[in-house]
Structures are given as C-alpha cells and as structure tokens.
Amino acid sequence: MGRRGAAPGWDDWASGGAPEPWAARRPGAIVPVPAFGRRDLRGRRVVVGLPGFGWRGDMRADEPIVQGSRTYVPVLAEQEWYRAEAEQTEVFAPLVPVERVWLEEIEPSTSEKPAATDIVSRLVSLDAPPRRDALPVREVPSCVGRRVVRMAEDGEQRDLRAVTEPYSSAEGDICVRVATELDWYRWAWSGQVPRTLEVPVHVLWVE
C-alpha cells in the first residue's frame, strides 16, 4: 500500500509496502583493476581483452604462472570453471598475459542514486574495461540469464542468475526467480533444473 495522500510508488506496489531502509541501498559497483601483481586470483571473476579493441567478461581466473620473464593468468569461461570445480576435473585453461587481465573488484554498497544513463554519459575510455553500476531490475528491459544481486538486511548476495522475468506472485508481489550461478551453469551441462528462489524485485539489482 502507498503512503496516505500519495500515489503508491513502484517499490511500494512490488513489495506490499514501503521498503526497509537497507532495501533502498544500491549494490556496490564493479570496478575492473589490473591483475598485475595480484596473487589472489584463483576463482575470481576477471575481464580479459585489449585496450582499444574490446573486452570479454564472465571469466574466472586461476593463480598466475611465470614463464621466463612473463606472467600469465590461466582463464576459463565461467561455465567451464564451475563444472571443473563441481566435478573435480581438470580442464585446459588458456594462458592470458597478465597485462590483458583485469580483476573485478566490488565497491561498498551505497545510498546514492545511479548515474545518468543517456548515451553521452555512457561514453567510456577504451584504455581499460569500464565500471559497471548496478541497476534496479525494474529499469532493465530483460533480466533472464543476467547476473543479479539480492539485497538483504545483512548485506549483498551475489553469484546469482535471474531465471525469469518479473511476474506477479501468488501473494500479489512482483518477483523474479533466481538461482545460484552453480545451479544455473549445471542446468546447461547436465540438464538438471536448478533450485530457485522467489525474490521481490524491490531488493533485486542487475550487475
């Protein structure tokens, strides 16, 4: 229900009432930083690419390897990494020069509003992968398969994937069903339907 004397807001409608203060916080932005000199790369999400050319995300790294005078990072597509970890199997990981690898760091959550999203404000430098600000699910045209963050009273829950678009639940809330990334990728390699959780959209953000 909305506040007396005011039309119900989208969040009020979606959640059945005014959101808790923690629910209004925005998840921290993802900021890629150079992997050079880092030793805590195993299992971390990374971006690979070439300045001035382009970037590839949704990759996972292993510990750096030194060959001669050069340092390389073994990098796998996330689905292959999850499968290797879940089934304890060895897979071939291409070695990427460390200067072409950026580690995804996550800033603290904030109560500040997202930056403007017009085309001019979205212009970026091609010298490094751009930061990624989280967006409310209600502001994206489609969320199935997207990386999402669930805000909770005790913090952020990440490594989730949306498996539906927004819908009206049996209780009348607007929700999206999500699965853990492991179950999301297992669905692809084994056909096993993932366990899912119904999450109200007012606490769900797209990374």
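Please read all numbers here as calculations on a predicted model, not as lab measurements. We number each residue from 1, following the sequence as shown.
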Val33 reachable from Ile106 in the ILVMFWY side-chain graph, under 4.5 Å edges:
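Different hydrophobic clusters.
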For [X] and [Y], work out which heavy atoms get closest and say how close.
X: Glu165; Y: Ser142; value: OE2-OG, 2.6 Å
X: Val47; Y: Pro129; value: CG1-CG, 3.8 Å
X: Val140; Y: Cys143; value: CG2-CB, 4.3 Å
X: Ala188; Y: Gln79; value: CB-OE1, 3.6 Å
X: Val96; Y: Arg100; value: CG1-CB, 3.9 Å
X: Ala134; Y: Arg26; value: O-CD, 3.6 Å

Check whether any side-chain heavy atom of [X] sits under 4.5 Å from a side-chain heavy atom of [Y], and report yes or no.
X: Val149; Y: Gln157; value: no
X: Tyr72; Y: Pro64; value: no
X: Leu197; Y: Arg150; value: yes
X: Val176; Y: Val148; value: no
X: Leu204; Y: His202; value: no
X: Leu95; Y: Pro74; value: yes
X: Val137; Y: Pro166; value: yes

Take Thr164 and Arg177 through the side-chain hydrogen bond (donor to acceptor under 3.5 Å, both in side chains) test and state the conclusion after the steps.
CA-CA 6 Å; Thr164 71; Arg177 299 201 75 88; over 6 Å; no
Residue pairs passing the ring-ring contact (aromatic ring centres under 6.0 Å, His included) test where at least one lies in residues 25-71, sequence neighbours excluded
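Passing the test, one end in residues 25-71: Trp55-Trp102.
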All pairs passing ring-ring contact (aromatic ring centres under 6.0 Å, His included) where residues 139-162 contributes a residue, at least two apart:
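Pairs touching residues 139-162 that pass the test: none.
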Distance check, rounded to the nearest 0.5 Å: [X] atom [atom1] versus [Y] atom [atom2]?
X: Leu103; Y: Ile30; atom1: CG; atom2: CD1; result: 11.0 Å
X: Glu80; Y: Phe92; atom1: CD; atom2: CZ; result: 10.5 Å
X: Glu85; Y: Glu87; atom1: CD; atom2: CD; result: 11.5 Å
X: Ile65; Y: Thr71; atom1: CD1; atom2: OG1; result: 10.0 Å
X: Arg132; Y: Leu135; atom1: CZ; atom2: CG; result: 10.0 Å

For Val163, which fellow cluster members are found when Ile, Leu, Val, Met, Phe, Trp and Tyr are connected by side-chain heavy-atom distances below 4.5 angstrom, either directly or through intermediates?
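ILVMFWY cluster around Val163 also holds Leu76, Trp81, Tyr82, Val91, Leu182, Trp184, Tyr185, Trp187, Trp189, Val193.
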Does the distance from a Lys or Arg side-chain N to an Asp or Glu carboxylate O, for Arg60 and Asp159, drop under 4.0 Å?
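Yes, charged N to carboxylate O under 4.0 Å.
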Any Lys/Arg nitrogen of Arg45 or Glu78 sitting under 4.0 Å from an Asp/Glu carboxylate oxygen of the other?
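Counted as a salt bridge, because a side-chain N and a carboxylate O are separated by less than 4.0 Å.
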Those residues that, when tested against Arg38, pass salt bridge (Lys or Arg N to Asp or Glu O under 4.0 Å) (two or more places apart):
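Once residues adjacent in sequence are excluded, the partners of Arg38 under the salt bridge (Lys or Arg N to Asp or Glu O under 4.0 Å) criterion are Asp40, Glu105.
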Determine, step by step, whether Arg70 and Glu99 satisfy the salt bridge (Lys or Arg N to Asp or Glu O under 4.0 Å) criterion, reporting the C-alpha distance in whole Å, the side-chain angles of both residues, the deciding distance to 0.1 Å, and the verdict.
CA-CA 10 Å; Arg70 302 204 63 183; Glu99 63 271 16; 2.4 Å; yes
Would you check if the side chain of Glu156 reaches a backbone N or O of Gly28 as a donor-acceptor pair within less than 3.5 Å?
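Side chain of Glu156 to backbone of Gly28: a pair is present.
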If we ignore hydrogens and angles and just use 3.5 Å, is the side chain of Arg161 paired with the main-chain N or O of Arg146 as donor and acceptor?
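Looks like no, no N/O pair under 3.5 Å.
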Is atom CZ of Arg131 surrounded by more than 12 heavy atoms (other residues, nucleotides or ligands) closer than 6.0 Å?
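Result for CZ/Arg131: enclosed.
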Contacts of type side-chain hydrogen bond (donor to acceptor under 3.5 Å, both in side chains), residue Ser109, not counting sequence neighbours:
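Testing Ser109 for side-chain hydrogen bond (donor to acceptor under 3.5 Å, both in side chains), a comparison that skips the adjacent residues, returns Arg25.
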side-chain hydrogen bond (donor to acceptor under 3.5 Å, both in side chains) involving Arg147 - partner list, sequence neighbours excluded:
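If we apply the side-chain hydrogen bond (donor to acceptor under 3.5 Å, both in side chains) test to Arg147, skipping adjacent residues, the hits are Asp58, Glu104, Glu207.
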Test Arg42 against Glu63 for salt bridge (Lys or Arg N to Asp or Glu O under 4.0 Å), laying out the working first.
CA-CA 5 Å; Arg42 175 166 170 72; Glu63 298 297 344; 5.9 Å; no
